[in-house]
Amino acid sequence: MAGYDPKTIEEKWQRLWAEEKTWEVANPGQPGYAADKPKSYVLEMLPYPSGEPHVGHLKCYAVGDAIAHFRRRHGFEVIHPMGYDSFGLPAENNAIKTGEPPREATERSIASFHRQFREWGISIDWSRELATHTPEYYRWTQWIFLRLFEQGLAYREEAPVQWCPKDATVLANEQVVDGRCERCGTEVEQRRLEQWFFKITEYAERLLADFDLLESWPEHVVTMQRNWIGRSEGAEVSFRCEELDLDFPVFTTRPDTLFGATFFVLAPEHPQLERLIAGTPAEVEVREYVNRVARESVEDRGDEERPKTGVPLGRSVVNPVNGERIPMFVADYVLMEYGTGAIMAVPAHDARDYEFARAFDLPVKRVIEGADDDTARDDDGLPYPGDGPMTASGRFDGKHNREAYAEIVAWLAEDGRGEAAVNYRLRDWLVSRQRYWGAPIPVVYCDACGIVPVPAEQLPVELPEVDDYAPQGRSPLAAAEDWVATECPRCGAAARRETDTMDTFVDSSWYFIRYLDSQNAGAAWDPAAADSWLPVDQYIGGVEHAILHLMYARFFTKALADLGTLSVQEPFSNLFTQGMITRDGAKMSKSKGNTVSPAEYVERYGADTARTYVCFMGPPERGGDWSDEGVEGVNRFLSRLWRLCEEVGERETAELDQAASEGEVRELLAKAHWAIDKVTRDFERGFQFNTAISAAMELVNEAYRVKDGLLADPGAAAAVRFAAATAASLIFPFAPHLGAEIWERLEGGRVWEQPWPVADPELLARDTVTLVVQVNGKLRDRIEAAA
RNA sequence: GCCGGAGUGGCGGAACGGCAUACGCGAUCGACUCAAAAUCGAUUGCCCUUAGGGGCAUGUGGGUUCGACUCCCACCUCCGGCACCA
C-alpha cells in the first residue's frame with residue numbers, strides 16, 4: 001500500500017490534459033464549437049513575466065482555476081486563457097544593469113511561468129497563449145492606437161508632465177504616488193514635453209454611469225475609481241480683466257458664494273500669466289516665484305500643512321455678480337491641471353482661501369449665515385463651509401444658499417457670464433514612454449505632412465535591436481538611426497519615426513479580447529468570437545490594479561465599441577480581488593528575504609497541496625500570512641483522503657441503497673450531502689473557498705469516524721466509498737490531480753466530466769433541521785405551521 | 001479631513017436572527033516505537049468547583065426581539081484608498 005505520492009499522480013494527469021487538450025474550447029465556426037452550451041469567460045490578470053512566479057501568482061491562478069472548474073461542472077463552456085504582459089520597465093532596467101537584452105530575460109521568464117503553470121495543473125486553453133512583446137501581438141496594439149488616432153482619441157500635445165529623473169521617462173498621473181515614481185520611488189519633476197495622450201476624459205461620464213452595467217464588483221474598487229474620476233458639479237464663471245481685455249473663466253462648485261469673492265488666484269503655470277505681468281513692477285518678483293515653484297517637488301507642493309505663499313500681480317478682475325474689482329495673485333495652491341487653472345477666492349467659505357487671506361491680510365466677506373448652533377471655529381466662525389441663508393448678496397439676500405445656487409447660475413447664463421459646468425479630476429492618459437522595451441508608437445513625422453500614421457498594411461512597426469538601453473532623456477530608439485530614418489507614407493519624402501514607445505498599460509488594456517482569437521494574423525479579432533465570449537464573466541486579480549489597469553481596460557472597451565469593433569460596453573462584469581499573502585506579517589520582498597517560492601512547495605508537497613492551501617488560508621479576498629504549518633495541515637488532509645480511498649478501494653462494497661439503513665451509515669451519507677450543499681453555497685456566496693474546503697475536511701473526518709470496524713460490512717464500505725468519492729469530487733477544483741485520481745479509482749471515468757453533485761434534500765434535512773432545541777412557544781408555532 | 005472595509009479563543013478563521021467558537025494551526029496527555037519521525041486517540045474560550053455543576057465571554061454603551069456575532073443608534077480601535085481638486 002503506497003502512501004500519497006503527488007508527484008506520480010500530478011505528472012499522470014498533467015500529461016493527459018496536455019495530450020487530450022482537455023481545456024481547449026472552440027470559437028464559433030470552428031469544429032467542436034459548443035453552440036448549445038452557455039458560455040463563461042473566466043480570466044485572471046495576466047502575469048508580468050519577471051523572474052519566477054511568486055505566491056501571489058499561485059493564489060490568483062489557484063482561485064481562478066477553482067472558479068473555472070466550478071463553472072464547467074455547472075454546465076458552462078468555459079474559456080480560460082493565459083498570456084504574458086511582457087513589455088515593461090523591469091526587464092529593461094535589468095538589461096541596463098546586466099547587459100542582457102530584455103527579450104532574452106523576458107522569454108526565459110515566460111518559459112518558467114509557462115512550465116510552472118503546467119506543473120500547477122491550471123486548466124488553461126494553451127492554444128490561445130499570447131505575449132504582448134511579440135510582433136504578432138503588438139502589431140494590433142499599434143492598430144488600435146491608429147484607430148484611436150483617427151477618432152481624435154489619441155493626440156499629441158505639449159503639456160506639463162510628470163518626469164521621473166531616475167527612470168528618465170514621463171509617467172502617467174496614475175503612476176505617481178505621493179509625488180514619487182510608483183516604480184522606483186524617486187521624486188518626480190514637472191517638465192513640459194510633447195507627448196501622446198489618450199483622451200480618456202471624454203469617457204469620464206460613461207465610466208461613471210456604466211458602473212450600473214456591472215454585475216458584481218467590490219464596492220471599494222468602484223469607489224476608488226469614482227474618486228479617481230472625481231466628478232464635481234458647479235459652474236464656470238468668467239472674471240474679466242478690463243485693463244488687458246482678457247476673460248478668466250473659473251470653475252467653482254460654489255456659485256452661491258460668488259458675492260463673497262474678495263481676490264482671484266492663478267496657477268503658476270497659467271498661460272496668461274506672462275501677459276499680465278510683462279512690463280509691470282510685479283514682473284521680476286512673479287517670475288522668481290514661478291521659477292521657485294517649478295523647481296519644487298510635486299510632493300512638497302502638495303503638502304497641505306505648508307503655509308500659503310503667492311505674489312500679487314498688481315492687476316485686478318471684475319466679479320461678474322457685483323462689478324467689484326478684486327486683486328489678482330499667483331499662488332501654488334492653485335493647480336493648473338484642475339479646472340481652468342484659476343480660481344475665485346472666497347475666504348469666508350473656503351479654508352484654503354481663508355488661510356491665504358490671513359497671510360496676505362485680504363478682506364473676508366461673509367455671504368452665508370451659519371446655523372444658530374454653529375460652534376465658532378475662530379472667533380467669528382469662519383471659514384464656514386456649511387449651508388444657511390444668504391447675506392450681502394444683493395437680490396439673493398435671505399434665500400437659502402442651496403436655493404440661490406441654481407438661481408445665480410441661471411442669472412449668469414442669461415447674459416453669458418457663466419453657465420453650469422461639470423469638472424473631473426481625471427486627466428487624459430499620457431501614453432508616451434521614452435523607453436526601449438515597449439510597443440513603438442506607429443507614427444512618422446514628415447516636414448511636409450506633419451504627423452502621419454503608419455498605414456495598417458505596414459504594421460507592425462517592429463522594435464529594432466539596439467545595444468544601449470539606457471535612456472538619456474530621449475528614447476533609446478533614437479539611436480537606431482537606420483530605423484528612425486524612413487519615408488513619409490503620404491508623400492514619400494524623407495521622414496523620421498516616432499521614437500517613444502507606449503506605456504505597457506496600453507498592451508494590457510485589450511489582451512482579454514485578443515485571447516478570443518489570438519492566432520488571427522489578419523485581424524485583431526474576429527467579431528463573432530468576441531460576441532460569443534465577451535464580456536469576461538469573472539475577472540480575478542490583485543486590488544493594486546483597481547484604478548490603473550481596470551479603468552484603462554474599461555476605457556478601451558468603450559472606445560472599441562464606439563469604433564464598431566465590439567458589442568459590449570464593459571469588459572469585466574464580475575470582478576474578484578484577491579488579498580495579498582504576507583510572511584511574518586510583512587509584505588514579501590527579496591530585500592527582506594521573506595519570499596516564498598511556489599516551486600519549492602510544489603516540489604515538496606505537490607501542486608494540489610500548495611493550491612489548496614492558498615485557497616484555505618482564509619477568505620480569498622482577504623490577505624493572509626503564509627504558514628508552513630498550515631501547508632502541512634492541508635497536506636495531511638489530502639493524505640488522509642488518499643488513504644481513505646486506498647482502504648475502501650480494497651473492500652467489497654454493496655449497493656449504496658442497501659447500506660443506507662443503519663444509523664451511523666445514514667449519518668455519514670447525510671454528512672456527504674451536507675458537504676455538497678455547503679461547498680456549493682460557499683462557492684455561490686462569493687468564492688468562500690476556505691469554508692468549502694473545511695466542509696470537505698469535515699466529511700473526511702466523519703468518514704474516518706465511521707470507518708473503523710465497519711469496513712468489513714459491504715454496506716458500510718459502500719457508504720465510506722461514497723463519502724471518499726464525494727470528497728474527491730468536491731476537492732477537485734482545488735486539488736484537481738488528486739480529485740481526478742481518486743474519482744477514477746473509485747468511480748471510473750473523469751471527474752470533470754461529471755456534473756457538480758446535487759445534495760439530496762431528504763438527507764440534508766436530517767442534519768440541519770434538528771437544531772431547534774430550547775424552543776419557546778412562538779417559534780414552535782411557526783415550525784408547526786410550516787410543517 | 002473625505003470615502004471604503006474590519007473588530008469573535010494562543011493564531012488563521014466558522015456561524016439563512018435559533019446549540020457561539022465549525023475546520024485548520026499551535027499546545028497538553030496517551031497509543032505504536034529501543035528511540036525519533038509519520039500515524040492514530042483524547043483534551044484544549046475564560047473563571048469558580050473535589051465532583052455534579054455553576055458563572056462570564058463575539059471592541060464599548062444603548063435599543064428592537066421570545067431569542068442578537070448577526071438588525072438599528074451612538075462611540076472606540078485598527079486597516080486600506082483619496083486628499084491644497086476650487
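In what follows, chains carry the letters A, B, and so on, assigned in the order in which the sequence lines appear, proteins first and then strands, with residues in each chain numbered from 1.
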Just to be sure I understand the rule, does [X] reach a base, reach only the sugar-phosphate, or reach nothing, if contact means heavy atoms closer than 4.0 Å?
X	answer
A:G624	nothing
A:S232	sugar-phosphate
A:E219	nothing
A:V634	nothing
A:P218	nothing
A:R705	nothing
A:R681	nothing

If I pick the [atom1] atom on [M] and the same atom on [N], what distance separates them, to the nearest angstrom?
N	M	atom1	answer
B:C32	B:A42	C1'	15 Å
B:U8	B:C69	C1'	7 Å
B:G4	B:A86	C1'	24 Å
B:C84	B:A15	C1'	47 Å
B:U28	B:G10	C1'	13 Å
B:G45	B:A22	P	8 Å
B:U60	B:A68	P	15 Å
B:G63	B:C19	P	23 Å

Counting side-chain heavy atoms from CB outward, which of [options] is closest to [X]?
X	options	result
A:E629	B:C25, B:A86, B:A14	B:C25
A:M224	B:G4, B:G81, B:C16	B:G81
A:T253	B:A14, B:C84, B:A86	B:A86
A:N227	B:A14, B:C3, B:C23	B:C3
A:M697	B:G24, B:C84, B:A14	B:G24
A:Y333	B:G12, B:C84, B:A15	B:C84
A:H220	B:G4, B:C84, B:A22	B:G4

- prompt: Can you name the residues that form a side chain to side chain donor-acceptor pair (under 3.5 Å) with A:H549, not counting sequence neighbours?
  reply: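 Counting only residues at least two positions away or on another chain, A:H549 forms a side chain to side chain donor-acceptor pair (under 3.5 Å) with A:Y539.
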
- prompt: With sequence neighbours excluded, what pairs up with A:N401 under the side chain to side chain donor-acceptor pair (under 3.5 Å) test?
  reply: A:D256, A:D387

Could you let me know what [N] is paired to, Watson-Crick or G-U wobble, both distances under 3.5 Å, or none if it's on its own?
N	value
B:C25	B:G10
B:U58	none
B:C71	B:G63
B:G1	B:C82
B:C32	none

Are [X] and [Y] within salt-bridge range, i.e. N to O under 4.0 Å?
X	Y	answer
A:D350	A:R352	yes
A:D608	A:R611	no
A:D247	A:R417	no
A:E205	A:R231	yes
A:R358	A:E355	no
A:K678	A:E698	no

Would you tell me if any nitrogen or oxygen in the side chain of [X] comes within less than 4.0 Å of OP1 or OP2 on [N]?
X	N	value
A:R643	B:C40	yes
A:R636	B:U39	yes
A:N423	B:A86	no
A:N701	B:A22	no
A:T223	B:G81	no

Would you mind reading off the distance between [X] atom [atom1] and [N] atom [atom2], rounded to a whole angstrom?
X	N	atom1	atom2	result
A:I343	B:C85	CD1	P	10 Å
A:D625	B:C79	CG	P	16 Å
A:W228	B:C85	CH2	C1'	12 Å
A:R425	B:A86	CZ	P	10 Å
A:E621	B:G13	CD	C1'	12 Å
A:Y613	B:C25	OH	P	11 Å
A:L641	B:C23	CG	P	17 Å
A:R352	B:A83	CZ	C1'	10 Å

query: Is there a donor and acceptor pair, one atom on the side chain of A:R640 and one on the base of B:C40, closer than 3.5 Å?
result: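 Looking at the base of B:C40, it does not pair with any donor or acceptor on the side chain of A:R640 (distance under 3.5 Å).
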
field: Heavy-atom check, side chain of A:Y333 versus side chain of A:I343, under 4.5 Å
entry: yes

- request: Check the chi torsion on B:G9 and let me know: syn if it falls within 90° of 0, anti if not.
  value: syn

- prompt: How do A:R254 and A:V221 order along RNA chain B: which one's closest nucleotide is nearer the 5' end?
  reply: A:V221

First encountered from the 5' end of RNA chain B, between A:Y704 and A:S627: A:S627

